[in-house]
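Notes for the one structure printed next.
FYI, side chains are in, hydrogens and waters are out, and symmetry mates aren't considered; it's all heavy atoms of this structure. Owing to the predicted nature of the structure, the values given are computational and were not obtained by experimental measurement.
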Amino acid sequence: NLTSSDSTAFVGIKRQIVNPSKMLNISYTSEITGLDFTLFSESGIVVYQQTVQSPVGTIVSKTNLQPGVYFYNFKKGQKILESGKIVIAN
């Protein structure tokens, strides 16, 4: 379940889409701005980062992702407000 421990500060992920070219699209809503989005490989390597300045929007990675398991988080400073897992199939 993609919920935040601080639900008054962060609403959450609306949807995750991996299109055929293996580029990731994540739609989000947030009551705060200036969040840092990070996508990690299963081995912990950062594969994509973006600072979110809008309370509603879509993150589109420009990286073609290989099939596998990825983890993401949204942080404000050092506090993780949202995290989850994305599985990309062949």
Worksheet item: If you take all heavy atoms of Phe71 and Glu42, which pair is closest and at what distance?
Response: CE1-CA, 4.1 Å
Practice prompt. With sequence neighbours excluded, tell me which residues meet side-chain hydrogen bond (donor to acceptor under 3.5 Å, both in side chains) with Asp36.
Written response: Thr51
Discussion item. Test of understanding: with side-chain hydrogen bond (donor to acceptor under 3.5 Å, both in side chains), list the residues that count as partners of Ser41, not counting sequence neighbours.
Written reply: Ser43
Worksheet, complete the sentence: What one should report as the nearest heavy-atom pair of Lys85 and Tyr72 is N-CE2, 3.8 Å
Worksheet, complete the sentence: Sorted by chain and number, sequence neighbours left out, side-chain hydrogen bond (donor to acceptor under 3.5 Å, both in side chains) with Gln49 holds for none
Practice prompt. Measure the OG1-NZ distance between Thr33 and Lys76 for me, rounded to the nearest 0.5 Å.
Written response: 5.5 Å
Worksheet, complete the sentence: By side-chain contact (heavy atoms from CB on, under 4.5 Å), Gln78 pairs with (sequence neighbours left out) Lys75
Worksheet item: Got a second to check how far Thr38's OG1 is from Tyr70's OH, nearest 0.5 Å?
Response: 15.0 Å
